[in-house]
Each structure stands twice: as structure tokens, then as C-alpha cells.
*Asks:* 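Have a look at this one before I ask anything.
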Amino acid sequence: MKAEDTLVRIRELATVAFIAGVLTGLLVLPYALMGGLSVRAANRGFQSLPADMVTPTLPQGSVILAADGSKLATFYYENRVEVPITQVAPIMRRAIVAIEDSRFYEHGALDVKGTVRAVIANLRAGEVIQGGSTLSQQYVKNALAEMADTPAERRSALEPTAGRKLRELRYAVGLEKRLTKDQILERYLNIAYFGDGAYGIEAAARHYFGVHAAALSLPQSAALAGIVRSPQTYNPHLHPKRGRQRRDLVLNRMAELKVITLPEATTARTGPIHLHVTKTPNGCVTSSAPFFCDYVQRDILGNAVFGATLRQRRALLQRGGLEIHTTLEPKMQKAAQQAVDRFVPPKNSSGKAAAEVLVRPGTGAITAMAIDRKLGDSGKRGKMWVNLAADSDHGSSLGMQAGSTFKVFTLAEALRQEMPFGQKLNAPKEFVPTGFRDCAGHRVGDTTALGNAGDGEGGRDFTLVTGTWHSVNTFFLNLERRVGLCETYKMATRLGMRKATGGKLEQYPSFTLGFNTVSPERLAAAYAAFGARGKYCSPIAITSIGSPRGPVKVPSAGCHQVIDTDVADAVNHVLGGVLTKGTAKGNEIGRPAAGKTGTVDNFSSAWFAGYTPDMASAVWVGDPRGGYKHPLRDVCLGEGCFAQVYGADVPAPIWRETMTEALRGVPEHGFTEPGGGFFRQGSGEEEDDKDKDKKDKDKEKGGDKPGHDDEAADGPPETDWLFPP
């Protein structure tokens with residue numbers, strides 16, 4: 001035996017002997033009191049007890065669940081899962097009683113006979129083999145430690161002094177009066193610390209043996225019962241030899257008390273402790289949907305609905321035993337993750353990244369949130385803490401310029417003003433931004449003339465349909481001036497759009513070209529509203545939260561009609577052609593769908609937002625270090641190398657692959673045909689057919705590429721980074 005172990009045991013024995021003497025003295029204390037303090041008064045003062053001081057609400061970990069009930073993550077301050085005594089194996093109950101308080105069911109709060117016997121047994125053995133405190137007293141000690149608000153209070157609750165033992169005994173007397181023995185044992189088993197971060201018998205059973213407390217065997221029960229006396233010393237994971245010796249001692253004690261037979265004890269002592277250590281992850285890093293998990297965590301920590309202060313909200317998440325049911329659908333998440341990882345590999349040599357969010361139309365439910373990175377230290381390749389898919393309050397990202405995905409709001413406003421599909425507007429080669437007013441009535445204009453990405457589309461007329469299909473910048477600038485900048489802004493805000501930082505969108509002529517910085521989450525929710533025929537729902541990740549104290553109220557999606565159904569139907573009709581005849585041609589998914597590409601100025605990033613009546617998605621591809629310094633030029637990604645990346649080159653294929661897999665097996669639903677009034681000047685497609693030959697010639701001359709955007713989000717970016725440096 002090491003000298004330090006000998007000293008520890010001597011101190012333990014001395015402490016137990018001293019405290020035993022003090023407690024024994026309590027038996028004669030009332031009769032020794034003289035003068036003005038009567039025996040009855042002494043007993044009354046000793047036995048009085050604030051009832052709520054010994055039944056604290058124990059910290060329990062919270063679990064985040066996917067829509068199908070599968071576990072996404074756990075959060076805990078103490079890894080504990082409370083269980084009723086009926087869910088603890090009877091042999092485990094007998095083992096803990098045998099080694100810690102064999103006369104538990106026979107005595108009250110103080111067991112003098114057992115205390116004296118324990119002291120003698122411990123002195124004979126030369127170590128602490130039997131406890132001197134009753135289980136009731138041990139429970140009180142742990143309960144007082146749990147209720148401590150400061151480290152000093154916790155140390156006071158655990159210090160091995162006579163004063164502490166007297167306080168425990170006083171509380172234990174009251175405890176024995178209000179609770180049955182089984183109720184006390186249940187509380188003890190749930191509060192006890194079993195080492196290795198496992199609090200309570202259920203967490204301990206799962207951690208050490210990979211089973212529930214109800215399924216513990218005799219050898220397993222003896223091993224766990226032996227730990228609580230000194231979790232660090234007898235932890236079988238850290239100290240196999242000591243843990244085994246302690247287990248055997250428990251088995252011997254159980255046989256001595258005839259709780260088990262001698263042959264059973266002999267058999268159970270055979271061989272080492274067979275551990276099956278199972279770690280319980282804490283947090284989102286190891287989750288199958290880490291950024292969605294982080295989104296949910298931030299949803300709770302940042303919303304006053306879950307507590308007035310951050311400290312209260314953190315306590316609720318880590319200690320409240322919450323069962324958080326979410327909107328994430330594993331099938332959708334897998335489809336999105338595989339797609340972003342395939343087209344923009346996590347450790348691609350160019351340092352580019354991709355983010356995608358799926359939102360269910362008509363509900364706001366976020367069914368998937370994927371980034372081609374692992375959640376972790378941003379200094380390590382292939383990892384980052386910033387959630388590029390969400391607003392800054394849910395992931396620290398400052399957002400990304402939206403590019404031509406914003407043109408849909410100008411289109412929707414034009415259709416709201418009953419502009420027909422065949423309405424023609426000129427798309428000059430260069431557009432001078434004059435005649436624009438914001439919602440305050442102020443004249444606003446960009447400092448320079450705005451143009452197209454190339455020369456092939458400028459200087460001619462387009463219809464509402466063909467101008468959208470080919471995403472012609474100057475056409476949309478002209479259209480925005482006609483319908484009104486303020487009205488376009490109002491349309492976007494009705495559809496939930498705001499800057500990723502939470503601020504209002506800025507109003508300048510290039511609004512329709514998407515200079516505002518937004519998140520994929522917001523954009524997906526806006527496009528989902530078109531799929532829901534004009535019903536907008538705020539994106540939500542949590543459907544319900546249960547707790548030991550009952551349900552916790554969660555924010556709703558607040559679904560409401562923001563545009564008329566006929567306007568949404570018309571938008572769907574026009575955007576459907578983007579996939580079949582426009583900039584995203586070739587990215588069809590085998591069922592009715594609609595969408596819009598987006599390529600930001602200088603190829604700093606690229607987007608695709610698309611949807612069906614059943615699902616909407618927004619995909620962003622760019623560089624987290626800043627797109628203007630690190631544009632999408634001369635890059636090699638998962639599916640090839642690109643001189644420059646348009647929205648149709650990488651984002652749209654990510655969307656196509658995601659939606660194809662995510663909707664596999666989902667019944668096909670089509671869009672509602674728009675009303676006849678929108679066709680009063682024809683379908684709007686005729687001009688496109690007439691110009692087919694001209695486009696082919698433009699392509700040969702090196703003009704704008706058919707099938708790609710003709711946009712550039714002119715106007716300076718707010719920053720050249722996506723998150724605070």
C-alpha cells in the first residue's frame with residue numbers, strides 16, 4: 001500500500017470515529033440540557049426543518065430530437081437522467097443499501113448501532129468499508145451541495161466536520177417524517193455521483209455498462225454501489241484494480257447480510273469488471289446536423305421566451321431536462337449534406353464553402369441546414385463555428401449579398417400591380433439610376449451607371465417572362481423604377497426579408513440586383529411563401545419542448561397570407577421557366593418546380609433559390625474569408641474547374657441533387673395555373689423564341705452565356721467578410 005493511500009485511510013477513519021462520537025452524544029443531549037431549555041424545546045428546535053431545502057430540482061440534461069424522434073444532441077451541466085425507483089433493478093437497490101446503510105429500512109434519521117458497527121468494521125479492516133452516515137443523511141449532504149449557489153457554499157456543504165453532520169442530521173429527521181424509505185432511496189440514487197461525469201444511477205448504468213438502470217446485473221450493481229463512497233478512488237474505468245476490489249467487497253457484504261447467497265457472490269467475483277464505457281456527448285460538435293443543432297441552441301439562449309436572462313436560459317438548457325422536438329428531417333438533412341459536400345468539398349483547395357437551408361412551405365419548418373464544414377475551430381481546415389446558413393443572431397454570420405435572387409420581389413410586385421406576362425420593357429446596355437425614391441420619399445440613386453454582366457442582352461426589349469428567365473439586370477432596374485423602389489422593398493419585407501444582422505433592408509436602385517446581405521435561411525423562407533401560394537411563415541426549428549415541470553411554450557411560425565394567391569401563382573409560373581428555358585436550364589428535378597439563380601458582382605458568390613409546393617431551398621456558394629478578395633474565379637471544386645462560377649454552375653446543381661433525393665417518395669404536387677388576366681398580352685414567351693437565333697450568335701461572339709445570369713450586384717458590399725473578424 002502506498003504511503004499516501006495509508007494517510008488518506010487514517011484521516012478517513014479518524015473522521016468517521018470522531019463524527020460517530022458526536023452523533024452518539026446526541027442521544028443524551030436532550031437529557032443533559034439544564035436551565036431554561038427544556039427537553040421538549042430542544043427536540044422541537046432540532047427536528048424543525050424547512051421542507052423545500054432537501055428536495056432540490058436536480059440538474060438534468062436536455063436532448064434535441066429530430067422530427068422522427070432520433071437524437072441530435074444532448075446538453076448538460078451534470079449528466080443525469082432521473083428515473084423512478086421502479087426503473088432501477090432491485091439488485092441495484094439492495095447493493096447500495098447493503099454497502100452504504102444496511103439497516104436503512106429499520107432505523108430513523110440516525111442509526112447509532114450502525115454507526116458504531118461501521119466504525120469498528122472500518123478500524124478492523126484498516127479502510128472505510130462501511131458507511132457511517134445513513135442514506136438519508138447522505139442524500140441531504142448531496143442535496144445541500146446541489147442547492148449551493150457559490151463554490152464556498154458547496155465546500156461548506158461537503159466539508160467533513162461535526163457541524164456539517166449535525167446540520168445533515170437535523171434535515172434528515174424532517175426528511176424521514178415526510179417521505180417513505182423508498183422515496184428517499186429513489187432520491188438518493190438519482191442524486192449520487194458515480195464518477196466519470198455520471199450523476200444518478202441511470203446515467204451511471206448507461207455510461208459504464210451501456211444499459212439502463214433497470215437492466216443492471218449483480219456484478220454491475222455491486223461495482224456501481226462501490227463507487228459512490230469515493231468516485232475518484234473506486235472508478236473502475238480509471239482504476240480497474242481498485243474498482244474490482246471495491247466491487248468484491250460489496251459482494252461480500254451482500255453475502256454477509258444474506259442479500260445474496262455465497263455461491264452467487266463467488267460467481268459474481270469471477271473476473272474483472274466488464275465495462276462498456278459509453279460517452280454522452282455534450283453539445284453540437286458531434287451531432288449529425290451540427291449547424292442545425294447550434295441554431296436550436298442559439299434559438300433558446302437568445303430568446304427571452306425561454307428566460308429573462310442569458311443565465312436563466314442557459315440553466316434551462318443545461319439543467320432543465322428538456323426534450324426539444326425539432327423540425328429537422330434526417331432524410332432531408334442527409335440529402336442536403338451530401339449535395340453540398342459533393343459539389344463543394346469541405347477541404348477544397350480554394351477555400352470555398354457552401355450552405356443550404358430547406359424550409360417546408362406553409363409551415364416555416366426548417367427541415368435541413370447543411371454547410372460543407374464541420375462545427376469546430378475555424379482555424380482548422382474544414383471546420384468553422386460560424387453558421388453561414390443563418391442570421392447573425394443564430395450563427396454570427398453577417399450575411400451575403402443575395403444577387404439576382406432578389407429580382408423575384410420586383411417580379412412579384414409587378415404582378416401584384418397586375419402587369420401581364422407579355423408586358424415589354426427595354427433593357428438598355430447601361431442604366432442610369434434616376435427617378436428612384438425610398439419609402440421616406442427621399443430621392444436615392446447609385447453613384448455609377450449600372451449595367452449587365454455582358455453585352456449580349458443589352459439594348460432591346462424583354463417581356464416580364466423572358467426578362468426573368470434570362471435575369472437581365474437593366475430590364476429589372478427599369479421594371480423596379482416602374483413599379484416603385486419602395487413598393488419592391490415592401491414586397492420583400494412582407495416576405496420576411498431583412499438583413500442577416502437583423503436590420504432593415506437598405507433602399508437603393510440596385511435593391512433588385514441583391515446588394516443587401518441576407519442569409520440562406522431567410523431567402524428559403526421567402527421562396528417557400530411562393531410555394532405556399534402567398535402564405536409566409538417565419539422559419540422555425542422547434543415544434544415543442546417538454547420538461548419535468550410540463551410543456552415549455554415555444555414561438556410559432558406566425559403563418560399568414562402576405563400576397564394574393566393569384567400573384568403567387570403567377571410568380572410560380574414565371575419562375576418555372578427559369579428551370580426549363582432560362583438561366584437554370586438543365587437543373588430540372590422531374591416534377592413541377594420553380595427557382596431563380598443569383599450571381600453576385602465580380603463573382604464574389606453565387607446562389608440558387610428554388611422550390612416546389614412541398615419544399616423550398618436556398619443555396620449559397622462563396623468564400624468565408626470575403627468574396628470580393630476571394631472571388632469564384634479560376635476555382636476547382638468537387639465537380640470540376642471553373643473560370644467563373646454562376647448561380648447555375650454550382651448552387652443550382654446542389655439544389656437539384658438535394659431536392660431530387662429529399663423528395664424521393666414524396667407524392668408530386670403541381671402549381672396552380674395563374675389566372676387568365678396575366679395572359680392578356682400573350683404568354684410573354686414569344687419574344688424568347690424569336691430571339692433564339694440571335695442568342696446563339698451572341699454566344700459565338702463571346703457575349704452573355706445562355707443559361708447563365710446577366711446580373712451583377714453593383715453597389716459596394718457592407719463588408720468583405722461574412723462574420724466579424
*Asks:* To check you understand the geometry: which heavy-atom pair defines the closest contact between Gly195 and Asn235, and what is its length?
*Replies:*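 For Gly195 versus Asn235, the nearest heavy atoms are C-ND2, 4.3 Å.
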*Asks:* Residues in side chain to side chain contact (heavy atoms under 4.5 Å, CB included) with Ser544, at least two apart?
*Replies:*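 Partners of Ser544 by the side chain to side chain contact (heavy atoms under 4.5 Å, CB included) criterion, ordered by chain and then number, come out as His325.
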*Asks:* Taking the side chain as every heavy atom from C-beta outward, state whether Phe104 and Thr134 have any atom pair closer than 4.5 Å.
*Replies:*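 A side-chain contact under 4.5 Å is absent here.
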*Asks:* Looking at Phe306, is Arg313 sitting on its ring face, NZ or CZ under 6.0 Å from the six-membered ring centre and within 45 degrees of the normal?
*Replies:*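 Negative - Arg313 is either too far from the ring of Phe306 or too far off its axis.
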*Asks:* Would you check if Gln60 and Arg319 make a side-chain contact, meaning some heavy-atom pair closer than 4.5 Å?
*Replies:*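 No, their side chains stay 4.5 Å or more apart.
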*Asks:* I'd like to check Tyr199 versus Pro59 (side-chain heavy atoms, cut-off strictly below 4.5 Å). Are they in contact?
*Replies:*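 Sidechains of Pro59 and Tyr199: no contact.
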*Asks:* Just wondering, do Arg373 and Lys383 contact through their side chains at under 4.5 Å, heavy atoms?
*Replies:*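 No, side chains not in contact.
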*Asks:* Give a yes or no answer on whether the side chain of Glu186 reaches the backbone of Ile85 with a donor-acceptor pair at less than 3.5 Å.
*Replies:*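 Confirmed, Glu186 side chain pairs with Ile85 backbone.
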*Asks:* Enumerate the disulfide (SG to SG under 2.5 Å) contacts for residues 235-280, please, sequence neighbours excluded, ordered by first and then second residue.
*Replies:*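 Listed by first then second residue: nothing to list.
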*Asks:* For Pro90, what residues pass the side chain to side chain contact (heavy atoms under 4.5 Å, CB included) criterion, not counting sequence neighbours?
*Replies:*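 With neighbours one apart ignored, the set is Arg93, Arg94.
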*Asks:* From the options Val250, Val228, Ile91, select the one residue that forms a side-chain contact (heavy atoms from CB on, under 4.5 Å) with Ile96.
*Replies:*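 Exactly one candidate clears the test, Val228.
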*Asks:* If only atom types and distance count, is the side chain of Thr270 paired as donor or acceptor with the main-chain N or O of Thr266 below 3.5 Å?
*Replies:*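 Between the backbone of Thr266 and the side chain of Thr270 there is a qualifying donor-acceptor contact (under 3.5 Å).
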*Asks:* Where is the tightest heavy-atom contact between Thr286 and Pro281, given as atom of each residue plus distance?
*Replies:*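 Closest approach of Thr286 to Pro281, heavy atoms only: OG1-CB, 3.2 Å.
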*Asks:* Which atom names give the shortest non-hydrogen contact between Ile99 and Leu249, and what distance separates them?
*Replies:*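 Nearest heavy atoms, Ile99 then Leu249: CD1-CD2, 3.4 Å.
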*Asks:* Among residues at least two apart in sequence or on other chains, which ones pass side chain to side chain contact (heavy atoms under 4.5 Å, CB included) with Ala204?
*Replies:*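 Per chain and number, Ala204 pairs via side chain to side chain contact (heavy atoms under 4.5 Å, CB included) with Phe194, Ala198, Tyr208, Leu224.
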*Asks:* For the pair Thr267 and Glu264, evaluate side-chain hydrogen bond (donor to acceptor under 3.5 Å, both in side chains) and give the outcome as yes or no after the intermediate values.
*Replies:* CA-CA 5 Å; Thr267 301; Glu264 286 176 324; over 6 Å; no
*Asks:* Any side-chain heavy atom of Val63 sitting closer than 4.5 Å to one from Leu322?
*Replies:*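 Result no, sub-4.5 Å side-chain heavy-atom pair not found.
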*Asks:* Measure the spacing between CG of Leu317 and OG of Ser62 and express it to the nearest 0.5 Å.
*Replies:*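 It is 5.0 Å, given to the nearest 0.5 Å.
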*Asks:* Find the distance between CD1 (Ile260) and CZ (Arg253) and round it off to the nearest 0.5 Å.
*Replies:*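 The distance works out to 12.0 Å.
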*Asks:* Given side chains that start at C-beta, do those of Leu58 and Asn190 come closer than 4.5 Å, heavy atoms only?
*Replies:*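 Yes; the side chains approach each other to less than 4.5 Å.
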*Asks:* Are Ser133 and Gln138 linked by a side-chain donor-acceptor pair shorter than 3.5 Å?
*Replies:*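 On atom types as modelled, these side chains do not qualify, holding no pair under 3.5 Å.
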*Asks:* Work out which heavy atom in Gly210 is nearest to a heavy atom in Thr278; give both atom names and the distance.
*Replies:*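 Reported closest heavy-atom pair: CA-OG1, 4.0 Å.
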*Asks:* Looking only at atom types and distance, does a side-chain atom of Ser287 sit under 3.5 Å from a main-chain N or O of Leu72, one as donor and one as acceptor?
*Replies:*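 Checking the backbone N and O of Leu72 against the side chain of Ser287, a donor-acceptor pair under 3.5 Å is found.
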*Asks:* Please check if atom NZ in Lys331 has more than 12 non-hydrogen atoms from other residues, nucleotides or ligands closer than 6.0 Å.
*Replies:*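 Counting neighbours around NZ of Lys331, more than 12 heavy atoms of other residues, nucleotides or ligands fall under 6.0 Å, so yes.
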*Asks:* Flag yes if more than 12 heavy atoms outside Arg549 fall under 6.0 Å of its CZ atom; otherwise flag no.
*Replies:*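 Yes, enclosed.
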*Asks:* I'd like to know if the side chain of Ser396 reaches the main chain of Ser392, judged simply by a donor and an acceptor atom lying under 3.5 Å from each other, with no hydrogens or angles considered.
*Replies:*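 Checking the backbone N and O of Ser392 against the side chain of Ser396, no donor-acceptor pair under 3.5 Å is found.
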*Asks:* Checking side-chain hydrogen bond (donor to acceptor under 3.5 Å, both in side chains) for the pair Glu521/Tyr295: CA distance, chi angles, key distance, verdict?
*Replies:* CA-CA 11 Å; Glu521 166 205 356; Tyr295 183 98; 2.7 Å; yes
*Asks:* Start with the C-alpha distance between Arg103 and Val97, add both sets of side-chain angles, then the distance that settles side chain to side chain contact (heavy atoms under 4.5 Å, CB included), and finish with yes or no.
*Replies:* CA-CA 8 Å; Arg103 285 169 32 83; Val97 169; over 6 Å; no
*Asks:* Checking side chain to side chain contact (heavy atoms under 4.5 Å, CB included) for the pair Thr327/Phe292: CA distance, chi angles, key distance, verdict?
*Replies:* CA-CA 10 Å; Thr327 57; Phe292 177 84; 3.9 Å; yes
*Asks:* How long is the gap from CD1 on Ile545 to CD on Glu323, to the nearest 0.5 Å?
*Replies:*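 One finds 10.5 Å between CD1 of Ile545 and CD of Glu323.
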*Asks:* Quick one: which residue pairs count as a disulfide (SG to SG under 2.5 Å) with a foot in residues 225-319, not counting sequence neighbours?
*Replies:*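 Qualifying pairs: Cys284-Cys293.
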*Asks:* Identify, with sequence neighbours excluded, every residue that meets side chain to side chain contact (heavy atoms under 4.5 Å, CB included) alongside Pro231.
*Replies:*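 For Pro231 the side chain to side chain contact (heavy atoms under 4.5 Å, CB included) partners, ignoring immediate neighbours, are Tyr193, Ile227.
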*Asks:* Test Leu328 against Thr367 for side chain to side chain contact (heavy atoms under 4.5 Å, CB included), laying out the working first.
*Replies:* CA-CA 4 Å; Leu328 185 126; Thr367 60; over 6 Å; no
*Asks:* Which pairs count as side-chain hydrogen bond (donor to acceptor under 3.5 Å, both in side chains) when at least one residue sits in residues 296-309, sequence neighbours excluded?
*Replies:*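 Matches after skipping sequence neighbours: Asp294-Gln297, Asp294-Arg298, Asp299-His394.
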*Asks:* Name all residues meeting the salt bridge (charged side-chain N to carboxylate O under 4.0 Å, His left out) criterion together with Glu82; count only those two or more places apart in sequence or in a different chain, and write none if there are none.
*Replies:*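 Residues passing salt bridge (charged side-chain N to carboxylate O under 4.0 Å, His left out) with Glu82: none at all.
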*Asks:* If you round to the nearest 0.5 Å, how far is CD1 of Ile201 from CG of Leu216?
*Replies:*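 Atom-to-atom, Leu216:CG and Ile201:CD1 are 5.5 Å apart.
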*Asks:* Could you walk me through whether Arg269 and Asn252 pass side chain to side chain contact (heavy atoms under 4.5 Å, CB included), step by step?
*Replies:* CA-CA 9 Å; Arg269 287 197 303 267; Asn252 291 340; 2.6 Å; yes
*Asks:* For Glu202, what residues pass the side chain to side chain donor-acceptor pair (under 3.5 Å) criterion, not counting sequence neighbours?
*Replies:*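 With sequence neighbours excluded, Glu202 shows a side chain to side chain donor-acceptor pair (under 3.5 Å) to Arg206, His212, given in chain and number order.
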*Asks:* If I compare all heavy atoms of Gln232 with all of Leu238, which pair ends up nearest, and what's the gap?
*Replies:*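 Shortest heavy-atom separation between Gln232 and Leu238 comes out as NE2-CD1, 4.0 Å.
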*Asks:* Which heavy-atom pair separates Ala370 from Gln337 by the least distance, and what is that distance?
*Replies:*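 Residues Ala370 and Gln337, closest heavy atoms: CB-OE1, 3.5 Å.
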*Asks:* I want to check something: taking the side chain as every heavy atom from C-beta on, are Leu175 and Val140 in contact at a cut-off of under 4.5 Å?
*Replies:*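 Answer yes - side chains close enough.
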*Asks:* When rounded to the nearest 0.5 angstrom, what distance separates CG in Leu275 from NE2 in His207?
*Replies:*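 It is 8.5 Å, given to the nearest 0.5 Å.
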*Asks:* Check whether any side-chain N or O of Gln183 sits under 3.5 Å from a backbone N or O of Thr180 as a donor-acceptor pair, and report yes or no.
*Replies:*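 Side chain of Gln183 to backbone of Thr180: a pair is present.
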*Asks:* So does Val173 get a backbone contact from the side chain of Glu176, meaning a donor-acceptor N/O pair under 3.5 Å?
*Replies:*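 Absent.
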*Asks:* Does anything in residues 145-242 pair up under disulfide (SG to SG under 2.5 Å), and if so which pairs, sequence neighbours excluded?
*Replies:*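 Residue pairs passing disulfide (SG to SG under 2.5 Å), neighbours aside: none found.
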*Asks:* Output every pair passing side-chain hydrogen bond (donor to acceptor under 3.5 Å, both in side chains) with a member in residues 66-78, not counting sequence neighbours, ordered by first then second residue.
*Replies:*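 Every pair satisfying side-chain hydrogen bond (donor to acceptor under 3.5 Å, both in side chains) with a residue in residues 66-78: Asp68-Ser70, Glu78-Arg80.
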*Asks:* Measure the spacing between CD1 of Ile540 and CZ of Arg360 and express it to the nearest 0.5 Å.
*Replies:*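 With rounding to 0.5 Å, CD1 (Ile540) is 11.5 Å from CZ (Arg360).
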*Asks:* Without swapping roles, check the side chain of Thr326 against the backbone of Leu65 for a donor-acceptor pair under 3.5 Å.
*Replies:*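 Between the backbone of Leu65 and the side chain of Thr326 there is a qualifying donor-acceptor contact (under 3.5 Å).
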*Asks:* Do Tyr188 and Asn142 have side-chain heavy atoms sitting under 4.5 Å apart?
*Replies:*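 Yes. Closest side-chain heavy atoms under 4.5 Å.
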*Asks:* According to disulfide (SG to SG under 2.5 Å), does anything in residues 227-274 pair up with another residue at least two apart or in another chain? List the pairs.
*Replies:*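 Every candidate disulfide (SG to SG under 2.5 Å) pair involving residues 227-274 fails, so no pair, neighbours aside, qualifies.
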